[in-house]
Amino acid sequence: MQDSHQSWPGLDGRTALVTGASSGLGVHFARLLAAQGVRVTAAARRVDKVEALCAEIVAGGGHAGALELDVTDARAVENVVAAQAFDIVINNAGVAASAAAFDHDAATIDRVIDTNLKGAFHVARAAASAMAAAGTPGVIVNVASILGLRVSGHVSAYAASKAGLVQLTRAMAVEWARHGIRVNALCPGYIETELNRDFFETDAGKALIRRVPQRRLGQPEDLDGPLLLLVSDLGRFMTGTELVVDGGHVASPI
Ligand code: NAI
């Protein structure tokens with residue numbers, strides 16, 4: 001049986017771009033890929049954070065470089081990809097907004113859609129254009145969410161952005177299969193990170209956990225196998241799909 005500590009085929013020596021790698025899942029994905037021998041570019045707006053992460057990876061014998069990148073800046077994204085080719089892209093950068101739909105002002109809607117949907121589009125499009133021009137195959141993982149498949153209260157812009165990202169994944173997969181580029185969406189359920197840990201200590205947070213059939217939050221490590229499946233050669237016939245990793249949450253009875 002494969003586990004994340006073994007070598008997954010087709011990863012050693014590959015190059016990967018991980019966006020939003022300054023915290024949470026992005027940090028975890030960068031470490032995970034580096035441990036598989038992938039040469040990771042960890043990108044984020046807070047370059048000091050990704051520099052610290054890359055120093056840690058390099059000190060551990062891995063290969064990693066830090067990059068300042070705001071995914072909403074299409075020109076900056078183009079420049080990054082023009083300067084370096086990637087075999088793997090993890091579109092992880094994302095922002096959330098929690099408010100009633102009535103209270104989503106224009107700036108909030110723009111911020112969420114610009115980052116989660118348009119930002120991922122810019123990055124995937126730029127990277128895939130370079131792959132196609134070079135005639136090299138590649139893999140793109142769009143980090144969506146179970147909220148791209150189902151809705152919940154007070155997350156209208158976020159849910160719409162992630163639903164758009166799921167549909168974008170399918171559209172890109174169909175267009176780019178002929179270039180040997182696979183595009184899939186990873187749809188995590190609730191994963192404990194430093195940003196949501198306090199919420200899950202509250203009564204509302206505990207009630208939410210009780211609605212998950214496995215009765216627990218996910219941990220970043222729960223995404224290891226699914227992510228490595230999508231990016232490695234073991235997932236070579238997978239494209240245009242969404243992989244749900246949620247302890248049974250979206251399958252739970254309504
Ligand atoms: P997080 O807030 O720790 O990570 C998001 C990262 O994206 C941050 O480092 C942030 O600085 C970065 N980012 C935001 N806007 C950016 C921009 N314009 N350019 C570049 N980087 C930008 O949160 P977390 O939990 O690690 O989320 C990572 C991804 O996973 C997000 O796309 C999120 O929507 C998704 N997700 C998270 C779940 C969870 O329960 N933690 C569940 C389902 C999906």
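For ligands, and for the atoms within them, numbers begin at 1 and follow the listed sequence. Remember, it's a predicted structure, so these values are computed and weren't measured experimentally. Along the sequence shown, the residues carry numbers beginning at 1.
- Using modelled atom types, no side-chain atom of Ser232 and backbone atom of Gly10 make a donor-acceptor pair closer than 3.5 Å.
- Using a 4.0 Å cut-off between charged nitrogen and carboxylate oxygen, Asp233 and Arg182 do not count as a salt-bridge pair.
- Ligand 1 lies under 4.0 Å from heavy atoms of Gly20, Ser22, Ser23, Gly24, Leu25, Arg45, Arg46, Leu69, Asp70, Val71, Thr72, Asn92, Ala93, Gly94, Val95, Thr115, Val143, Ala144, Ser145, Tyr158, Lys162, Pro188, Gly189, Tyr190, Ile191, Thr193, Leu195, Asn196.
- For residues 195-215, the salt bridge (Lys or Arg N to Asp or Glu O under 4.0 Å) pairs, not counting sequence neighbours, are Glu192-Arg197.
- Side-chain N or O atoms of Thr115 include one that pairs as donor or acceptor with a backbone N or O of Arg111 at under 3.5 Å.
- Grouping Ile, Leu, Val, Met, Phe, Trp and Tyr residues whose side-chain heavy atoms lie under 4.5 Å apart, directly or via other members, places Val27 in a hydrophobic cluster with Leu53, Ile57.
- Taking Arg46 as the reference, Ser22 meet the side-chain hydrogen bond (donor to acceptor under 3.5 Å, both in side chains) condition, with sequence neighbours excluded.
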